[in-house]
Q: 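Starting off with a structure, shown below.
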Amino acid sequence: MIQKYPVGIQDFGELRTGGYLYVDKTEYVYRLATEGKYYFLSRPRRFGKSLLISTLESLFLSKRELFEGLYIEDKWDWTQRYPIIRISFSNIGHKEKGLYQAIDDQLDKIAESYAIVLTESVISGKFKELIEQLSVSRGKVVVLIDEYDKPIIDYLGDDTAKAIENRDVMKIFYSILKDADPHLKLVFITGVSKFSRVSIFSDLNNLTDITMSQHFSGSCGISEQELESCFEEELKVYDKDRIKEWYNGYSWDLSTSVYNPFSLMHFFREGRFQNFWFETGTPTFLIKLAEKGQLYDFEEIEIGGNALSSYDIQKLEIIPLMFQTGYLTMKSYSEMSDVYVLGYPNKEVRKSYIEVLMSSYSHSDLGFGVVYVDKIRQYLEKGEVERVESILNTIFKSLPYELWQGENEHFYHAIIHLTFTLLGVYVQSEVQTSDGRMDALIRLKDYVYCIEFKLDESAIKAIEQIKSKGYLAPFAYEDKKLIAIGINFSREKKKVEELKWEEVNI
């Protein structure tokens with residue numbers, strides 16, 4: 001029987017009454033509701049944060065019928081109902097009204113729903129008054145804030161002044177929470193990112209950040225166990241290893257790895273592998289930051305633990321941003337040095353991000369590079385290396401004239417690396433060896449290619465470097481042909497002037 005997949009459904013009640021598949025997350029909900037009081041959770045967009053908020057709301061409103069058959073059903077006191085202040089910053093109209101007015105309107109709307117008349121005129125006063133009046137008349141209050149950082153994220157890279165203005169409004173808004181403690185039952189705040197200098201992370205020092213907690217690592221996303229138990233029939237039809245390659249790989253604790261729920265549900269509904277999550281929101285400001293910093297290789301990135309967990313609007317760092325927004329994930333961790341190693345979580349993100357990055361570097365339409373790299377793949381698999389030169393020149397021919405002025409070797413290296421990475425083969429760039437660095441390594445079924453490139457020098461010189469440094473020696477044991485490729489760019493001619501290759505016998 002085909003299941004109803006809750007694609008895009010963020011309301012727990014609609015999901016449960018509409019007969020949709022629900023992956024039971026109420027064990028995590030129970031922990032949140034009983035083990036603490038103040039929480040912050042960061043997860044990428046479309047990862048189930050809003051559904052988690054909606055589930056908590058239904059729980060504290062004692063809607064027992066929605067929890068029938070779930071983990072929490074026989075563990076919760078359904079006789080108690082709590083007043084709830086729920087605000088989702090993704091749909092309060094902050095762009096149209098301005099953030100301050102949007103919050104003000106939202107507080108009035110919630111107060112009206114409880115037949116409360118607010119007398120305070122500023123949002124911090126209204127928020128405090130609303131909490132206190134609800135507490136007195138109906139019991140301790142549950143505060144649920146979804147996508148708290150949306151009014152900041154929406155302006156990153158385009159309007160820093162507006163992002164800072166909205167950050168300051170939020171500082172005012174959240175400033176009353178700590179003193180409101182006697183009136184609060186639970187405070188749960190979600191977002192994509194953790195900004196420094198926002199009041200919830202400074203003034204509210206009892207807020208527990210569960211983003212990288214093993215206790216809550218599976219609260220959003222779908223684990224391997226959940227995949228096997230909830231999609232048993234689907235796994236009889238589709239290749240589980242390919243599903244894992246495309247949509248798994250996200251980890252916030254290095255112990256639990258989860259699938260992207262948005263992409264997974266889309267895949268089972270559509271029955272084909274493609275980019276579902278990525279195409280719903282191209283990370284424009286991340287691409288701009290990458291190009292500005294001349295960054296293009298995001299595999300095996302090292303970063304300190306403190307830098308990973310927060311950042312400043314006025315000093316954006318691309319690696320923490322890429323981790324928090326879901327484009328990079330944890331691969332390993334050194335406790336001694338407090339250093340994490342990050343990389344792309346899966347094929348969907350890796351392929352899509354590189355395509356967008358290549359489009360940005362080459363100033364071409366999205367999808368431009370895919371056609372040409374596929375031709376390169378066909379040539380390299382056949383050993384027809386000489387035909388690669390014309391494809392590379394076609395790619396470089398699209399670049400605007402002004403980009404050729406004053407550029408150094410790094411610029412050309414970026415285009416080459418992105419081109420070959422997009423092949424979807426095993427590729428390394430600037431590979432460290434005992435005798436230096438090779439520029440790129442490509443391993444195929446019958447060939448191992450080592451590529452060295454020069455700018456206004458000689459392709460022969462590049463090949464001699466490969467041989468003299470013994471870059472291909474570690475692959476002599478493989479039953480493959482070892483090929484050294486030298487590429488020389490001409491700044492004056494704005495093209496690959498020479499591409500030479502030679503089989504190396506070791």
Side-chain angles (χ1 to χ4, degrees), residues 296-297 299-300 347 350-351 354 358 361-362 369-397 399 408-506:
Y296 54 86
D297 187 358
E299 297 286 8
E300 303 297 313
K347 186 171 182 177
R350 184 173 186 258
K351 179 178 182 294
I354 290 170
M358 185 176 179
Y361 265 96
S362 62
V370 178
V371 175
Y372 292 109
V373 298
D374 189 58
K375 289 182 180 179
I376 292 174
R377 177 189 60 79
Q378 294 176 42
Y379 294 151
L380 291 180
E381 285 180 343
K382 297 175 184 176
E384 299 175 355
V385 182
E386 66 280 355
R387 302 187 70 178
V388 173
E389 181 178 345
S390 63
I391 302 298
L392 291 176
N393 279 328
T394 300
I395 294 173
F396 279 97
K397 194 178 294 183
L399 296 173
N408 56 31
E409 191 170 346
H410 182 99
F411 173 78
Y412 307 100
H413 194 179
I415 297 294
I416 289 294
H417 174 81
L418 292 168
T419 297
F420 286 115
T421 303
L422 203 51
L423 287 172
V425 299
Y426 182 88
V427 59
Q428 292 177 304
S429 179
E430 291 190 352
V431 181
Q432 184 71 54
T433 70
S434 58
D435 293 312
R437 287 179 179 270
M438 66 179 84
D439 284 336
L441 175 72
I442 301 170
R443 297 170 69 180
L444 294 167
K445 181 181 178 182
D446 298 317
Y447 298 91
V448 177
Y449 294 99
C450 179
I451 300 176
E452 191 70 27
F453 62 91
K454 300 295 179 182
L455 180 63
D456 294 331
E457 291 190 49
S458 163
I460 296 297
K461 182 178 178 180
I463 290 178
E464 290 303 317
Q465 180 176 328
I466 293 171
K467 294 194 295 184
S468 65
K469 296 290 186 179
Y471 290 158
L472 284 165
F475 311 99
Y477 68 91
E478 298 186 18
D479 187 22
K480 299 178 181 181
K481 290 184 178 181
L482 307 180
I483 307 294
I485 301 178
I487 298 174
N488 182 57
F489 298 95
S490 169
R491 184 184 280 112
E492 180 183 355
K493 296 180 181 179
K494 307 178 185 64
K495 62 180 290 188
V496 175
E497 186 177 38
E498 284 184 297
L499 186 150
K500 302 290 185 181
W501 64 279
E502 180 181 321
E503 184 173 350
V504 177
N505 296 310
I506 300 174

Q: Considering all heavy atoms of both residues, which atom of Ala484 and which atom of Val504 are nearest to each other, and what is their separation?
A: CB-CG2, 3.8 Å
Q: Could you measure the distance from the CG atom of Leu499 to the CG atom of Asn393? Nearest 0.5 Å is fine.
A: 9.0 Å
Q: Indicate yes or no for a side-chain donor-acceptor contact from Glu498 to the backbone of Ala459 under 3.5 Å, with no hydrogens or angles considered.
A: yes
Q: Calculate, to the nearest 0.5 Å, the distance between atoms CG and CZ belonging to Asp439 and Phe453 respectively.
A: 4.0 Å
Q: Would you say Lys495's side chain and Phe396's backbone share a donor-acceptor pair under 3.5 angstrom?
A: no
Q: What are the two closest heavy atoms between Leu444 and Glu381, and how far apart are they?
A: CD1-N, 4.0 Å
Q: Restricting to salt bridge (charged side-chain N to carboxylate O under 4.0 Å, His left out), what partner residues turn up for Glu389, sequence neighbours left out?
A: none
Q: Run the side-chain contact (heavy atoms from CB on, under 4.5 Å) test on Ile376 and Phe420 for me, step by step, so that the C-alpha distance in whole Å, both residues' side-chain angles and the decisive distance to 0.1 Å come before the verdict.
A: CA-CA 8 Å; Ile376 292 174; Phe420 286 115; 3.7 Å; yes
Q: Could you check whether the rings of Tyr361 and Tyr296 sit parallel, tilted or perpendicular, using 30° and 60° as the cut-offs?
A: perpendicular
Q: Quick one: list whatever passes side chain to side chain donor-acceptor pair (under 3.5 Å) with Glu299, sequence neighbours left out.
A: Arg350
Q: Nearest heavy-atom pair of Lys351 and Leu422: which atoms, and what distance?
A: O-CD1, 3.9 Å
Q: Would you please test Leu392 and Ile487 for side-chain contact (heavy atoms from CB on, under 4.5 Å) and show each step?
A: CA-CA 10 Å; Leu392 291 176; Ile487 298 174; 4.0 Å; yes
Q: I'd like to check Gln465 versus Tyr471 (side-chain heavy atoms, cut-off strictly below 4.5 Å). Are they in contact?
A: yes
Q: Looking at CG of Leu472 and CD1 of Ile506, how far apart are the two atoms once the value is rounded to the nearest 0.5 Å?
A: 5.5 Å
Q: Any side-chain heavy-atom pair from Val373 and Leu418 closer than 4.5 angstrom?
A: no
Q: Listed by chain and number, what are the salt bridge (charged side-chain N to carboxylate O under 4.0 Å, His left out) partners of Lys461, not counting sequence neighbours?
A: Glu457
Q: Would you call Glu452 and Lys469 a salt bridge, taking side-chain N to carboxylate O under 4.0 Å as the test?
A: no
Q: Using the side chain to side chain donor-acceptor pair (under 3.5 Å) criterion, which residues pair with Tyr447? Sequence neighbours excluded.
A: none
Q: Under the rule for salt bridge (charged side-chain N to carboxylate O under 4.0 Å, His left out), what residues qualify as partners of Lys500, not counting sequence neighbours?
A: none
Q: Does Asn488 reach the main-chain N or O of Asp456 with its side chain, forming a donor-acceptor pair under 3.5 Å?
A: yes
Q: Taking side chain as C-beta onward, heavy atoms only, is Asp446 less than 4.5 Å from Lys480?
A: no
Q: So do Lys382 and Arg387 actually touch side chain to side chain, heavy atoms under 4.5 Å?
A: no
Q: Sequence neighbours excluded, which residues qualify as salt bridge (charged side-chain N to carboxylate O under 4.0 Å, His left out) partners of Lys481?
A: none
Q: Could you grab the distance from atom CG of Leu423 to atom CD of Gln378, nearest 0.5 Å is fine?
A: 10.5 Å
Q: With no hydrogens and no angle check, is any side-chain donor or acceptor of Tyr449 less than 3.5 Å from a backbone partner on Leu380?
A: yes
Q: Please report the shortest heavy-atom distance between Ile391 and Tyr372, naming the atom on each side.
A: CG2-O, 3.5 Å
Q: Rounded to the nearest 0.5 Å, what's the gap from CG on Leu482 to CD1 on Ile466? Could you check?
A: 11.5 Å
Q: Any chance you could measure Thr394, atom OG1, to Lys375, atom NZ, to the nearest 0.5 Å?
A: 7.5 Å
